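Notes follow once the structure below has been shown.
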Amino acid sequence: MSNGFDDIPFFDEEPAPRPLRGREPAPPAPSGGIAARAMAARDQHRAPDYLSGLNPEQREAVETLDGPVLVLAGAGTGKTRVLTTRIAHILSTGRAYPSQILAVTFTNKAAREMKERIGVLVGAAVEGMPWMGTFHSIGVKLLRRHAELVGLKSSFTILDTDDVVRLIKQIIQAEGIDDKRWPAKQFAQMIDGWKNKGFGPADIPEGDARSFANGMGRELYAAYQARLMTLNACDFGDLLLHPIRMFRAHPDVLKEYHDKFRYILVDEYQDTNTAQYMWLRLLAQRPHSRKNPSPTPPHKGEGQTSSRATAGDHRGSVNTGSGDFAQEERQESPSPLWGGVGEGKPPQINICCVGDDDQSIYGWRGAEVDNILRFEKDFPGAKVIKLERNYRSTEHILGAAAHLIAHNEGRLGKTLFTDRTDPDDDKVQVHAAWDSEEEARAVGEEIEQLQRQQHSLNDMAILVRASFQMREFEDRFVTLGLNYRVIGGPRFYERLEIRDALAYFRLVCQPADDLAFERIVNTPKRGLGDTTVRSLHDYARGRNIPMLAAAADLIETDEMKAKPRKSLFDVVTMFKRWQGLLETTPHTELAETILEESGYTDMWKNDKSAEAPGRLENLKELIRSMEAFESMRGFLEHIALVMDAEQNEDLDAVSIMTLHSAKGLEFETVFLPGWEEGLFPHQRALDEGGRSGLEEERRLAYVGLTRAKRRCHIWFVANRRIHGLWQSTLPSRFLDELPVTHVDVAETDQSYGGYNRGGYGQSRFDKQEPFANAYSTPGWKRAQAHKTDATRDNWGSRSGVGIERIGYGESGPRARTIDGELVAKSKIDEPSKFNVGDRVFHIKFGNGNIASIEGNKLTIDFDRAGQKRVLDGFVDRV
DNA sequence: ATCTGCCCGATTTTT
DNA sequence: TCGGGCAGAT
């Protein structure tokens with residue numbers, strides 16, 4: 001079973017015998033046994049430290065250890081605290097050993113954080129929790145152990161997206177399909193989508209199979225899987241699917257894990273996809289008692305080795321099965337796996353899922369909100385605990401967020417509250433700006449203002465919908481000399497030189513890694529061009545051997561011309577040498593040797609381009625980061641799964657990131673720019689996702705709002721450049737969905753873009769408290785009074801050009817028409833009423849002369865503001 | 001092999 | 001509009 005990859009032996013994981021409550025034939029509930037009663041009594045008088053300070057709901061979530069539990073944890077309600085305390089509680093009550101707890105998260109960051117926080121509670125015991133990690137890292141662990149059961153060797157490599165795309169491209173080309181017409185990238189996404197749903201090649205819906213490359217979808221997918229097998233490689237999806245397949249095919253193995261995992265905890269359950277859901281179900285089920293319908297204490301079944309997985313389980317293995325088994329399982333809720341009707345007490349499943357349906361924002365990448373909505377059906381008798389007491393934000397922020405999210409249907413329904421009210425708290429501020437440049441400028445000023453009041457930049461964040469919005473803020477902050485950091489930009493591991501170096505290391509550790517081979521065989525240049533690689537490739541494929549092995553063969557023959565043959569000989573010899581050093585030389589030293597001897601570092605040393613020194617620096621950094629690992633293999637494992645680079649924490653800087661990457665974070669002050677129709681909600685979400693797309697966007701808005709602890713500023717602009725074209729935009733419908741009681745329409749002392757809602761203010765979605773009412777607040781009225789005719793002309797409906805649609809591309813069936821609303825749509829064909837040289841006045845930029853005219857767009861040299869491009873509606877002749 | 005010019009596309013992102 | 005990717009030329 002153990003294959004030498006894991007240093008933790010599987011069967012020796014459990015510490016020396018010590019009576020476990022769970023192993024005794026005692027009833028599960030703490031109301032029964034003597035020990036339990038004693039514990040309950042003790043709890044009443046002297047609850048353990050870690051329980052004090054929990055509110056009643058949190059405490060219930062921590063202490064309900066028996067049976068399925070769903071914790072609906074709203075934003076800022078102490079979710080992580082509950083999760084970590086629950087684990088501490090399980091451990092300290094002796095319910096399970098650390099190694100008997102399966103705790104799954106989505107991201108490495110979450111796993112790290114959880115580990116840290118449990119460490120604080122239980123000390124070194126956290127080190128004994130090998131089954132805490134991401135779905136993928138646990139999947140890898142399972143697979144390394146049982147690789148041979150799914151036809152892999154335990155040394156398999158994990159391919160990242162880039163490798164996958166290159167591989168698929170090869171396959172598409174090998175099939176003689178035009179890879180221009182049928183892009184590999186697109187197909188990689190399709191495969192990813194199928195894998196998210198748990199579909200193997202045999203399982204994909206006929207329509208899907210047909211829609212790619214004239215019906216070749218299924219064949220290509222199968223060819224891809226076959227190729228992965230010969231490469232001894234997995235993609236990310238396989239890290240989930242292979243274990244599922246293995247568990248289905250080998251109930252005995254599954255049973256080992258059933259017996260092992262006494263408690264399962266899942267973080268961010270709303271983000272699970274179908275494959276993850278199936279994976280969890282397999283691990284959480286207790287099929288033992290189906291054979292034996294009489295009520296069985298959960299942990300009694302130690303000796304029931306005869307029990308097997310249910311027949312339903314064997315249906316369609318992931319790769320070979322037929323039919324849509326994911327779908328089938330879906331429809332069976334409550335599933336017989338959980339102990340169906342008339343079968344007596346359902347088997348006990350100590351699974352605890354924590355999540356928030358209102359923060360489900362990853363539907364587009366396969367997450368099924370439905371998993372969380374269906375929890376009670378899936379796990380009959382589940383206890384659902386709502387955490388609604390928020391410890392993060394002001395009442396205004398919570399009020400705004402709650403009112404917004406209430407517009408969604410299909411939610412489990414929570415309302416966050418706080419009892420900390422402070423009359424000094426700011427309401428949520430809504431600001432209008434002329435264009436995105438002004439938006440950035442105004443946000444910059446606001447930040448400087450706060451900075452003058454001694455607020456740390458680290459406490460501020462700008463959360464955007466799409467990353468192109470970041471640039472303008474960056475530009476502005478560079479001008480201002482304001483520190484900022486962009487979170488979630490291009491990553492360390494994605495850099496060319498890092499990927500090259502990793503390819504060398506991969507090939508040393510895993511000689512069958514053809515993708516790595518192809519990447520570096522001619523890097524640095526060795527005169528091994530396309531022709532050589534192609535013949536190597538063909539030879540290797542013909543014999544079904546790795547390319548490195550093929551190279552070793554071919555250099556013995558006269559297949560090749562002398563020059564490439566010599567180069568190839570050198571490559572093969574180098575790799576043989578390095579492989580020999582693998583076990584004897586310290587891995588960091590070996591890494592340096594590899595990069596030196598291969599000529600890779602020299603390649604960059606001889607490169608006189610500006611980036612070269614930086615790349616060399618990155619390579620050094622790469623080797624430095626290897627020091628933390630035991631071996632090169634260990635390092636590669638880490639890099640495959642944990643591909644983030646640490647940020648510089650010391651710097652005091654404003655964070656700029658997307659709303660998606662902000663989930664889980666909090667800041668004193670949050671800026672939410674770009675609340676315009678078409679951008680947020682994003683047009684594509686609307687077009688492709690319809691109603692549910694809109695709801696996901698709304699959840700994204702909810703996530704944005706609830707990141708703020710004390711101050712939240714929302715911005716929308718009148719004009720935004722999209723794909724190089726200036727488009728006039730409408731304020732986001734989400735603004736209409738904010739409650740007037742918690743929101744202020746802010747006046748800025750900048751020139752602002754006043755905005756007249758006209759008939760539009762009648763919210764289309766909000767029956768109760770339309771935000772339009774805010775426009776009768778004193779603040780707004782004052783703002784109105786400042787408006788000049790020039791602005792009204794263009795913001796109002798008088799000039800009546802009208803805008804039919806916003807967003808990009810062709811107008812689709814969902815394009816909105818707002819009668820007589822708003823103007824300033826770019827119109828190239830109509831002659832301008834202005835002439836070059838005209839003296840004009842602009843509300844924001846003052847007086848200037850028209851330098852050129854392009855349709856309704858004017859380039860004006862302003863006396864004070866310099867040259868700007870503006871729409872003709874915004875200026876008047878002087 | 002390296003450069004140049006043309007064409008396409010253009011949310012969100014983890015593992 | 002602007003940048004990345006790729007095909008074709010040098």
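Residue numbering restarts at 1 for every chain, and letters A, B, ... go by the order of the sequence lines. Since we're looking at a predicted model, the values are computed, not measured.
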query: Between A:F734 and A:R698, is there a cation-pi geometry (under 6.0 Å to ring centre, at most 45° from the normal)?
result: no
A:Q186 CD - B:dC8 C1' separation (whole Å): 14 Å
task: From the options B:dT11, B:dT13, B:dT15, select the nucleotide whose nearest atom is closest to the side chain of A:Y362.
output: B:dT13
message: Determine whether a donor-acceptor pair (N or O, by modelled atom type, separation under 3.5 Å) exists between the side chain of A:Q270 and the backbone of A:D356.
response: yes
- prompt: Does OP1 or OP2 of B:dT11 have a side-chain N or O of A:S467 closer than 4.0 Å?
  reply: no
Between B:dT15 (P) and A:D267 (CG): distance, integer Å: 13 Å
message: Just to be sure I understand the rule, does A:S661 reach a base, reach only the sugar-phosphate, or reach nothing, if contact means heavy atoms closer than 4.0 Å?
response: sugar-phosphate
field: Listed nucleotide nearest any side-chain atom of A:H723, set B:dT15, B:dT11, B:dA1
entry: B:dT11
message: Using a 4.0 Å heavy-atom cut-off, does A:E697 contact any base of the nucleic acid, only the sugar-phosphate backbone, or nothing at all?
response: base
task: Between C:dC6 and B:dT11, how far apart are the C1' atoms? Round to whole Å, please.
output: 25 Å
- request: Find the distance A:F468:CZ to B:dA10:P and express it as a whole number of Å.
  value: 13 Å
field: Partner residues of A:T107 under the side chain to side chain donor-acceptor pair (under 3.5 Å) criterion, sequence neighbours left out
entry: none
task: Apply side-chain contact (heavy atoms from CB on, under 4.5 Å) to A:M246 and A:H146, showing your working.
output: CA-CA 8 Å; A:M246 175 191 75; A:H146 307 289; 3.0 Å; yes
- prompt: Rounded to the Å, how far apart are A:F135 CZ and B:dT15 C1'?
  reply: 12 Å
- prompt: Among B:dT2, B:dT12, B:dT11, which is the nearest nucleotide to the side chain of A:T658?
  reply: B:dT12
- prompt: Out of B:dT11, B:dA1, B:dT15, which nucleotide sits closest to the side chain of A:N522?
  reply: B:dA1
- prompt: Would you say the side chain of A:R465 and the base of B:dT11 hold a donor-acceptor pair, judged only by whether the two atoms sit under 3.5 Å apart?
  reply: no
task: Could you tell me the separation between the CZ atom of A:R721 and the P atom of C:dG3, rounded to a whole number of Å?
output: 11 Å
Residues which pass side chain to side chain contact (heavy atoms under 4.5 Å, CB included) with A:L665, listed by chain and number, not counting sequence neighbours: A:K109, A:M657, A:F667
field: Nearest-angstrom distance from the residue atom CZ of A:R471 to P of C:dG3
entry: 8 Å
task: Kindly point out which of B:dT13, B:dT2, B:dT11 is positioned nearest to the side chain of A:K525?
output: B:dT2
- prompt: Which one, B:dA10, B:dT15, B:dT12, comes nearest to the side chain of A:R684?
  reply: B:dA10
Whole-Å gap separating P (B:dT12) and NE2 (A:H660): 9 Å
- prompt: Which of the following nucleotides, B:dT15, B:dT11, B:dT2, is nearest to the side chain of A:H136?
  reply: B:dT15
task: Assert yes or no for the condition that the ring centre distance of A:W279 to A:H242 is strictly below 6.0 Å.
output: no
- prompt: Which whole-number value in Å describes the distance from A:L463 CG to B:dT11 C1'?
  reply: 16 Å
statement: Winner on side-chain proximity to A:A685, out of B:dT13, B:dT15, B:dT11, is B:dT11
query: Is the shortest distance from a Lys or Arg side-chain nitrogen in A:R365 or A:D192 to a carboxylate oxygen in the other one below 4.0 Å?
result: no
Protein-nucleotides 6-9 of chain C N/O pairs under 3.5 Å:
{"residue": "C:dC6", "atom": "OP1", "partner": "A:K169", "partner atom": "NZ", "Å": "3.1"}

